[in-house]
Protein chains: 2
Amino acid sequence: MPKIVDAEARRHDVVQAVFRIIASDGLERASLREVADEADLAVGSVRHYFASSDELLVFSFGAVIDRLAGRLETALASVEGAAPESPEQHNAVLNLLGQFLPLDEELAVDACVWMAFRHAARIKPVLAAEAERSHRTVAAVVGRLIMILNPGEADAQQNLVTEAERLLATMDGLCMHALLQPEWMTAEMCSDVLTAHLRSLRTAAASR
Amino acid sequence: MPKIVDAEARRHDVVQAVFRIIASDGLERASLREVADEADLAVGSVRHYFASSDELLVFSFGAVIDRLAGRLETALASVEGAAPESPEQHNAVLNLLGQFLPLDEELAVDACVWMAFRHAARIKPVLAAEAERSHRTVAAVVGRLIMILNPGEADAQQNLVTEAERLLATMDGLCMHALLQPEWMTAEMCSDVLTAHLRSLRTAAASR
DNA sequence: TCGTTTTTAGCACGAACGTGCTTCAACACC
DNA sequence: GGTGTTGAAGCACGTTCGTGCTAAAAACGA
């Protein structure tokens with residue numbers, strides 16, 4: 001019968017090549033030829049697994065979303081397992097929010113790719129559905145996090161939404177700055193900003 | 001002598017065409033041919049004013065930075081002219097921060113273009129210098145704003161830097177979301193988030 | 001050993017890109 | 001009115017892109 005190749009693993013390899021190209025040269029350089037070279041394959045081989053360039057990009061977008069979502073779910077479980085107001089919970093929250101930031105090489109690649117696809121989705125309609133899913137997924141996690149940090153505020157649902165969007169915006173801004181101005185936005189500065197934001201969350205909750 | 005054409009006005013027209021293309025189709029579509037078409041010129045004419053594609057892009061990046069910086073300086077003067085803690089000051093601050101957001105058509109174009117160039121600068125070295133200038137300029141304004149809102153904190157300079165970066169990150173995140181997920185991040189949500197952030201600034205200052 | 005089927009490799013076409021270079025038109029000055 | 005400088009326009013070349021299509025290569029059952 002056929003030559004046996006683990007198709008799923010191959011697709012994963014190709015997607016990894018896409019990630020590396022986006023991180024180093026930008027999404028617009030992630031052409032079939034570049035991807036094939038990076039993955040040590042021929043263009044025809046890549047096209048055997050992905051019918052078109054668009055399909056490859058959409059699949060890659062979905063892959064990075066799934067990776068991030070998986071990390072967030074794991075981190076959220078840690079937060080839920082920690083005692084409220086405890087230092088363990090604080091560290092768990094910092095760890096969760098750190099999943100958005102380019103704190104190491106692997107996270108940096110994911111952050112680059114995630115940002116690139118989301119911005120590209122504004123222009124390319126094929127990416128719109130995944131961008132929507134990306135936003136919903138992340139917003140759900142951050143929303144649950146806000147609920148954990150602001151217990152017993154069943155009435156002020158408006159504030160929960162606002163605070164969730166505020167935290168989400170801050171995280172995206174931090175990620176942007178860490179990617180675009182790494183000299184200014186160092187890991188320590190990220191940590192300082194996050195700590196300040198979490199403190200502001202607590203005092204805001206207490207003052208209501 | 002030569003045919004008299006207001007070269008500066010022509011360059012401005014071309015840059016406006018670049019802005020429109022970036023806002024509607026993305027920076028990668030801002031080729032010489034597209035720009036020339038949009039500006040109702042021939043490719044050769046555009047190249048008469050801008051020696052190369054890179055020069056056109058760098059000039060356009062600088063133009064959007066200057067536009068934003070001008071609006072920010074004007075708005076900052078209003079903030080400085082208002083009485084501390086007054087509603088007028090609050091509105092002036094909201095107005096200043098609103099200059100970052102795509103609250104109307106013109107602001108939306110600027111926001112798109114600004115974001116696109118900053119992200120492109122991560123990849124294209126020719127844009128790096130302007131990206132650096134962009135960050136320094138905006139950070140200076142936001143830093144002064146934080147100093148105005150947190151008077152008499154000469155000791156805690158660390159906190160000022162952290163709070164400035166935090167506000168900057170939040171603004172960039174808000175801008176991103178308003179551009180990428182306009183259904184979720186409406187103008188009202190932007191206003192709510194900003195108000196919450198300003199409240200958190202005040203309570204944080206009071207608690208120290 | 002021989003097919004059969006998956007995998008890999010490659011060619012060819014049209015489109016779009018930046019850019020070097022040439023050509024035409026227009027206008028202010030002598 | 002002639003003339004020379006400058007704006008406007010366009011051609012041509014090499015590159016890169018996506019994609020339809022064909023053909024070789026490889027691996028396993030018969």
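Note that the structure is a prediction, hence the values are computed from the model and not measured. Just so it is clear: chains get the letters A, B, ... in the order the sequence lines come, proteins before strands, and each one is counted from 1.
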Worksheet item: Just how far, in rounded Å, is C1' of D/dG18 from CD of A/E34?
Response: 14 Å
Fill in: Between P of D/dT16 and CZ of A/R29, the distance in whole Å
9 Å
Worksheet item: Considering only side-chain heavy atoms of A/A42, which listed nucleotide, D/dA8, D/dG18, C/dA9, is closest?
Response: C/dA9
Discussion item. From CG of B/D37 over to P of D/dA8, roughly how many Å is that when rounded to an integer?
Written reply: 16 Å
Discussion item. Is any side-chain heavy atom of A/H197 closer than 4.5 Å to one of A/L201?
Written reply: yes
Practice prompt. Give the rounded distance in Å between these two atoms: CG of B/L27 and P of C/dC17.
Written response: 13 Å
Worksheet entry | Distance, rounded to the nearest Å, where A/L41 contributes CG and C/dG10 contributes P | 12 Å
Worksheet, complete the sentence: Taking for B/S45 and for A/D54 the nucleotide of DNA chain D with the nearest heavy atom, the one nearer the 5' end belongs to B/S45
Discussion item. Can you tell me whether the side chain of A/R47 and the base of D/dG20 have a donor-acceptor pair closer than 3.5 Å?
Written reply: yes
Worksheet item: What's the CZ-P distance between A/F50 and C/dT7, to the nearest Å?
Response: 13 Å
Practice prompt. Check whether any side-chain nitrogen or oxygen of A/Y49 sits under 4.0 Å from OP1 or OP2 of C/dT6, and answer yes or no.
Written response: no
Discussion item. On DNA chain C, compare the nucleotides closest to A/D40 and A/R33; which residue's is nearer the 5' end?
Written reply: A/D40
Practice prompt. Verify, without hydrogens or angle tests, whether A/T170 (side chain) and A/R166 (backbone) share a donor-acceptor contact under 3.5 angstrom.
Written response: yes
Worksheet item: What closest approach, in Å, do B/E130 and B/I65 show between heavy atoms, and which atom pair accounts for it?
Response: O-CD1, 3.3 Å
Discussion item. If the cut-off is 4.0 Å, is B/S53 near the phosphate of C/dG18, judged by side-chain N/O to OP1 or OP2?
Written reply: yes
Worksheet item: Quick one: B/H48 NE2 to C/dT22 P, roughly how many Å, whole number?
Response: 17 Å
Discussion item. Given 3.5 Å as the limit, does a donor-acceptor pair link the side chain of B/R71 with the main chain of B/F100, or not?
Written reply: no
Practice prompt. Using a strict cut-off of less than 4.0 Å between a Lys/Arg side-chain nitrogen and an Asp/Glu carboxylate oxygen, indicate whether B/R11 and B/E8 qualify as a salt bridge.
Written response: no
Worksheet item: When the distance from CG of A/L56 to C1' of D/dT19 is rounded to whole Å, what number comes out?
Response: 14 Å
